[in-house]
2 protein chains.
Amino acid sequence: MSPRQIPEASVSRLPVYLRALVELAEHGMNTVSSVALADAAGVNSAKIRKDLSYLGSYGTRGVGYDVEYLIHQISRELGLEQDWPTCIVGTGNLGQALARYGGFSERGFRIAALFDADIGKVGTELDDLSVMHIDDLERVVKEEEITIAIVAVPARNAQDVADRLVAAGITSILNFAPAVLQVPDHISLRKVDLSIELQILSFYEQRKVAKESVLRGTARRRLEAVERGSGTTTTR
Amino acid sequence: MSPRQIPEASVSRLPVYLRALVELAEHGMNTVSSVALADAAGVNSAKIRKDLSYLGSYGTRGVGYDVEYLIHQISRELGLEQDWPTCIVGTGNLGQALARYGGFSERGFRIAALFDADIGKVGTELDDLSVMHIDDLERVVKEEEITIAIVAVPARNAQDVADRLVAAGITSILNFAPAVLQVPDHISLRKVDLSIELQILSFYEQRKVAKESVLRGTARRRLEAVERGSGTTTTR
DNA sequence: TCCTGTGAATTCGTTCACAGCC
DNA sequence: GGCTGTGAACGAATTCACAGGA
C-alpha cells in the first residue's frame, strides 16, 4: 500500500475529494465516476484520475469508484483514522473562533489545550477547555501527546511561540499570524493568511476595473495585457 | 507600466514581499538586496528577482532595491492604493472574528457591511457595524459600492449566498465555508479552508510516524517512499 | 460501451548561471 | 565587487488521448 511519493499538489486536493465523497455518500450514491467527482470537487476529471492513481487502483473500469471504499482509502492516506491532539496558542478573536469551530474535532483534530500569554485570560473557559498559561506548554504538550499546533497570536510573538512549540516537541504548525516563520526542516508548516488572500483578490479586481476602462476606450493599448489576467484565480 | 501578464504564483507572493518590506522600512532600512528580502520573506532570492522583474526594473545593480519605492510599486500593482469596500456574510464564530480582525481595514479593505440570515442577529452591533439582514444585500452592495465579499456561513448555505452575491454585483469572493462554490468565470474566487489545512498536516505527520517505525526497523521496505515526503510542505 | 489508469505532450513554475550595469 | 535582470535548463503539475479491462 501507498507505494510511491504522492505529489504535494495532489495531497492538498485529497481533503477536497474526501469532503465531496462524504457529501455524495450522504446523498445515497454508491459509486461515482471521475467526471461526477470532479464536478463535485470543482476540478477536472483527469486530475481526479491522476490523483487517485497515486493512491492505488481503486476504481473499476466502466463503472467508477466505490464511494465508501474511496472515503476509507483517502482517510487512511491522510492519517485521519487516528486522533491528532491539537493545541491552539493565542485566544484572541481568531483563536477563540478557532476553538469554537466545530470542523476540527469533526475530523479527528481534537483540541486538547488552549494557551495564552495573558494572565487575564488564563483560566477562562472556552468551548469546555480552560485556557492555560503559555509556560505550561512544554508540560501539557508532553502529557497530552500533542503533535499539531495552531498559532493564532499577534505577528510579533509568532516566531517566539513557534520556537517554543518546536522545543516542546510539536512537529506540525498551522500559522494564522501574519508573519513568516522559520522552523527546522523536520517541522511541517502551513500558513493561512487572511489579508494576503484579500490582497490577491484586490490585484485581480483592479485588473477588472482596468479592463472596463479599456472597453470604454480609456486606455486601449493595455487591452492585450489585461485580457488573460482577470479570470478566476484558484480552484478551477 | 505593468507591461505583461504576471504569473499567478508570483502575484500570490507579492503580498508577502510587501509585508516584509514594510517591516524592513520600520526597522529603518532604505535599500534591500534580493538576498535580504528573500530571507525576510521566506523564499529564495532568484524567486524575488524574477517576481519583481515582472513588475519592472525597479532595482539598482550593485545596490539592491529602494525599500520605499518598492513598497509603493507593489502596493500599486496589488491595487492597494484604493479602498475596497468589503462585506462579510455570516456572523457566526468565524464571521465575528473576521469582523473584529484589524488586519483587513489596515490594508484598505474596509468592512462596509455585515449580513446574516438570522433575524436574531440582525441589529446586533459588531465592531461599530450593525448586522443587516441578508435581504438587504442587493441594496447595500449597490449603495456602498462593495465589490469584495467574505463568505463565512455554514457550508449548506454557501452556494446560495454566493449566487446572491454574484447577482448583487460582487466580483470577488473569499470563501471560508467548507464547500466548493460554483461561480461564473468573471468572478474571482479564493478559498480558505481551515480543516483542509489540518488534514494536509496530518498527511505529513503520519508519514513522519511511519518513518520513525522504519528507523526502529518495523517496516524497512517503506523507507525509500517515505524519505522525501516528510519535509515542510509550504513556504520554503 | 463506459470509464479507469497512465504514458506522452504540454504548460507552468522554479532555479541556475551569468552578462550587464552600478 | 556586488547585485540585478533574464535567458536557458530543469522540474513539477496539468492536460491530452487512448489502450485496456469491466
Side-chain angles (χ1 to χ4, degrees), chain A residues 1-14 16-17 21 24 29-67 69-70 73-74 200 228-229 231-236, chain B residues 1-14 16-17 21 24 29-67 69-70 73-74 200 228-229 231-236:
Chain A
M1 53 187 77
S2 327
R4 64 14 332 278
Q5 182 60 9
I6 304 175
E8 190 170 320
S10 196
V11 170
S12 66
R13 283 187 296 263
L14 292 179
V16 180
Y17 301 163
L21 285 164
L24 290 169
M29 306 275 183
N30 295 317
T31 60
V32 65
S33 70
S34 61
V35 172
L37 181 53
D39 196 55
V43 301
N44 73 30
S45 63
K47 222 178 242 175
I48 294 270
R49 291 198 299 279
K50 186 66 95 175
D51 285 343
L52 295 183
S53 78
Y54 294 123
L55 310 186
S57 288
Y58 295 146
T60 309
R61 288 164 203 239
V63 179
Y65 302 90
D66 183 276
V67 173
Y69 185 62
L70 202 48
Q73 292 301 336
I74 295 179
I200 297 170
R228 286 192 354 111
T232 293
T233 55
T234 33
T235 327
R236 26 182 49 215
Chain B
M1 54 187 74
S2 326
R4 65 14 330 274
Q5 181 61 8
I6 305 175
E8 189 169 320
S10 196
V11 170
S12 67
R13 282 187 296 263
L14 292 179
V16 180
Y17 301 163
L21 286 164
L24 290 169
M29 306 276 183
N30 293 317
T31 60
V32 66
S33 71
S34 60
V35 173
L37 181 52
D39 196 55
V43 301
N44 74 28
S45 64
K47 222 178 242 174
I48 294 270
R49 291 198 301 279
K50 184 68 90 174
D51 286 343
L52 294 182
S53 78
Y54 294 124
L55 310 187
S57 287
Y58 296 145
T60 309
R61 287 163 204 241
V63 179
Y65 301 90
D66 182 276
V67 175
Y69 185 61
L70 202 49
Q73 292 301 337
I74 295 179
I200 297 169
R228 287 192 354 110
T232 293
T233 56
T234 32
T235 327
R236 25 180 48 215

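Labels below follow one simple rule: chain letters A, B, ... track the order of the sequence lines, proteins then strands, and each chain is numbered from 1.
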Given atom [atom1] of [X] and atom [atom2] of [N], what is their separation to the nearest angstrom?
X       : N      : atom1 : atom2 : result
A:Asn44 : C:dG5  : CG    : C1'   : 15 Å
B:Asp51 : D:dT6  : CG    : C1'   : 13 Å
A:Ile6  : C:dT6  : CD1   : P     : 14 Å
B:Tyr54 : D:dT4  : OH    : P     : 17 Å
A:Leu70 : C:dT4  : CG    : C1'   : 12 Å
B:Leu55 : D:dG5  : CG    : P     : 10 Å
B:Tyr65 : D:dT4  : OH    : C1'   : 6 Å
B:Lys50 : C:dT14 : NZ    : P     : 11 Å

Considering only [options], which nucleotide approaches the side chain of [X] most closely?
X       : options                : result
B:Ser34 : D:dT4, D:dA13, C:dT14  : D:dT4
B:Arg13 : D:dA22, D:dT6, C:dT14  : C:dT14
A:Arg61 : D:dG21, D:dG5, D:dC3   : D:dG21
B:Ala46 : D:dA13, D:dC3, C:dC16  : C:dC16
A:Ala9  : C:dT14, C:dC18, D:dT14 : D:dT14
B:Ser53 : C:dC22, D:dA22, D:dT6  : D:dT6

| Looking only at heavy atoms, what is the nearest atom pair of B:Tyr65 and B:Gly59, with distance? |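 Closest approach of B:Tyr65 to B:Gly59: CD2-CA, 3.4 Å.
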
Heavy atoms only: give me the nearest B:Arg13-B:Asp51 pair and the separation to one decimal.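 Closest pair (atom of B:Arg13, atom of B:Asp51, distance): NE-OD2, 2.7 Å.
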
Along DNA chain C (nearest heavy atom to each residue), the more 5'-positioned of A:Gly62 and A:Gly59 |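 Closer to the 5' end of DNA chain C: A:Gly62.
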
Does a side-chain heavy-atom distance below 4.5 Å link [X] with [Y]?
X       : Y       : result
B:Leu14 : B:Leu55 : yes
A:Leu52 : A:Tyr58 : no
A:Tyr17 : A:Val43 : yes

- Of A:Thr60 and B:Val32, the one whose closest DNA chain D nucleotide lies more 5':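 Nearest nucleotide further toward 5': that of B:Val32.
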
